[in-house]
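What follows is a short report on a single structure.
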Amino acid sequence: MFTRGAATKALRYCNCAKTARSSTIRTTSRRHVSSTASSVPVPSSVAAKAHPWAGVTTQIDQVAPRFEIDASQIEIVDSPTAFYTTLKDKIKKAQKRIYLSTLYIGKTENELIDTIRDALQANPNLQVAILTDYLRGTREDPNPSCASLLVPLVAEFGDRVKVRMYHTPNLNGWKKEYMPKRINEGWGLQHMKLYGFDDEIMLSGANLSDDYFTNRLDRYHIFRSKELADFYHDIHDGVSEISYNLVPSDEHTAGFELQSPMHRGIPDPVFHPQRFKRHAKQLLEPLIRVRARQKIVPLEFDEDKTFVYPLAQFDILLGQPTAKSFMNYEFRNPTSTEKPVLTKLLAALAKDDALRKARWTFTAGYFNIDPDICAGLLEATPASKQLIQKGDHLEKPCTVITASPWANGFYGSSGISGMLPAAYTLLSRRFLRQVAKAGKEDAVQLKEWRKGTVGQPGGFTYHAKGIWITLPSQVNTQSEEEAGPSVTLVGSSNYTKRSYSLDLEVGALVVTADEELKRKLKAEVEWLEKDATVTTQDDLMKVERRVGARVRAALWLVERLGGAL
């Protein structure tokens, strides 16, 4: 696919030092007293100390819905093949519902479709709902495509199978008429990855095609929680409601047609984009916003809790956050929830003394980080030059992991898409220059992930994205060292300007004090870092990493036309 990642404007002007436009964070520290059998007050000197994450979760409670679950209800899958095996197993065992939100299903994924068909035949009460992107799902039409692969399920099982395809309102008029396929996806996509089965939900960055099942590395978190599964199901249904409906048709060569949402009384995104966005905002915004009771009665985080905050980034439909000033204070009214929550989290790391020495790991397969988030990461970087032990060697405390050009999904592609690995090299180079400018060279390192070479036997591509935060050991009362990260963000977002302005993204922030879950998160990071190598500015300046003028010119053109890559 041509359009994942590299937002053009950031390619030309990427300035990670840009001040993040987040409201000032006031970290609150709340104390509580452990209950005792005696009515004698506990002296303040021995009162229980608030957990370091307590103030942060109180702030996040004002932005995103919170679910408290047991840490044992979270499972982390550790490979593409395990992802595929788990996916098929969950489909086979589903009794009530299956809902799959993905960018696309590979046009040759007949085994996956047969697994869904067998489940429907075995259980007459099972309902299946699939949501993909319109542009990506019909790219190959009239040749075999995602749409032509799915339409036989609709024909065979009728109302028990619902297939919808979201079309961005950003691609309309002459752009819709003349932009060629692969390039037209640069104006926005349905990029959510939600794989729900009865009362379980799997969050990932992986799509449903052969490479993601065999040799494209990603992340896969399963939450066994009916409340969470219901929450994400409502989001899936909400986006499906405003999307095109896939129906069988004998009049078309590929055997399908896509009915406009106008058939259900909803404005069409292509012909009435502004009306469509107003309708979408009314429908979707209530689904992703925090409940009123949660704001009034926040729940304090402590050593016994694991919180999950579902996050969504729908700015293309909901609009940009609004801000109002009152008596020299700025009050922001966020619409989407992912970027505001991540901004608050990073600001807390930078300003809260209890969190100031926390370590972070950030990864994105397509490294074109949003300038505000980049600035937040650098501000959240510990000032200490102390190295940390990783295996049998010492490393810097903060790490960025991204794909090597030889592990980039566009490596070796023909045409303009073949230029993208070089574009990411340029962005990585600029990031390291900004790290140096900020005086954080002793604390931040860049690693490039590579396992073989794309297109050759044994070659993998890298598609993982997320963030992990590990508290300094001195705040842990359980042991001398942290078992692993106590915070992670998992989901579909690539953390680019494009992700935050054009695409539909969904994920979750997990905050835990559970030692076993922290060990699992640590193992996940180590698994991703195993094939990653520290890369310096000198490495990126080598002849084979040189970036030509054609790369800059091609991406500049798309940005001038209102798209992003």
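As the structure is a computational prediction, the values presented were derived from the model and not from experiment.
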Listed by chain and number, what are the salt bridge (Lys or Arg N to Asp or Glu O under 4.0 Å) partners of Lys176, not counting sequence neighbours?
none
Residues at least two apart in sequence or cross-chain that pass salt bridge (Lys or Arg N to Asp or Glu O under 4.0 Å) with Asp199, listed by chain then number, are Lys96
Can you tell me how far OG1 of Thr496 sits from CG of Asp503, rounded to the nearest 0.5 angstrom?
7.0 Å
Around atom CG of Asn143, are there more than 12 heavy atoms of other residues, nucleotides or ligands at under 6.0 Å?
yes
Taken in chain and number order and not counting sequence neighbours, the residues that satisfy side chain to side chain contact (heavy atoms under 4.5 Å, CB included) with Gln445 are Lys390, Glu395, Lys396, Thr399, Lys447, Val534
Residue set satisfying salt bridge (Lys or Arg N to Asp or Glu O under 4.0 Å) with Arg117, at least two apart, ordered chain then number -> Asp114, Glu156
Val128 meets the side chain to side chain contact (heavy atoms under 4.5 Å, CB included) criterion, sequence neighbours left out, with Ile98, Ile116, Leu120, Leu126, Ile130, Val161
Between Arg66 and Thr57, does any side-chain donor sit less than 3.5 Å from a side-chain acceptor?
no
Pair Asp70, Ser72: side-chain N/O donor-acceptor within cut-off below 3.5 Å
yes
Partner set under ring pair (Phe, Tyr, Trp, His ring centres under 6.0 Å) for Phe367, not counting sequence neighbours
Phe431
Any salt bridge between Lys92 and Asp118, counting N to O under 4.0 Å?
no
Polar side chain donor-acceptor pair, Tyr84 to Thr214, under 3.5 angstrom
no
Please name all residues satisfying side chain to side chain donor-acceptor pair (under 3.5 Å) with Tyr500, sequence neighbours left out, ordered by chain then number.
Glu338
Got a sec: does the CD of Glu68 have more than 12 other heavy atoms crowding it under 6.0 Å?
yes
Residue pairs meeting ring pair (Phe, Tyr, Trp, His ring centres under 6.0 Å), one or both in residues 131-155, sequence neighbours left out, come to Tyr134-His167, Tyr134-Tyr244
Who passes side chain to side chain donor-acceptor pair (under 3.5 Å) against Thr363, sequence neighbours left out?
Tyr462
For Ser209 and Asp211, does a side-chain donor sit closer than 3.5 Å to a side-chain acceptor?
yes
Does Arg160 have any side chain to side chain donor-acceptor pair (under 3.5 Å) partners at least two apart in sequence or in another chain, and if so, which?
none
Side chain of Glu200, backbone of Arg224: donor and acceptor closer than 3.5 Å?
no
Identify, with sequence neighbours excluded, every residue that meets side chain to side chain donor-acceptor pair (under 3.5 Å) alongside Asp531.
none
Which residue is it: Phe197, Tyr99, Tyr195? I am looking for the one with a ring-ring contact (aromatic ring centres under 6.0 Å, His included) to His233.
Tyr99
If we ignore angles and hydrogens, is there a donor and acceptor under 3.5 Å between the side chains of Ser336 and Asp315?
yes
Across all chains, not counting sequence neighbours, the salt bridge (Lys or Arg N to Asp or Glu O under 4.0 Å) partners of Glu140 are Arg136
How far apart are the closest heavy atoms of Ala82 and Val77, and which atoms are they?
CB-CG1, 3.5 Å
Can you tell me if Ser240 and Ser243 form a side-chain donor-acceptor pair at under 3.5 Å?
no
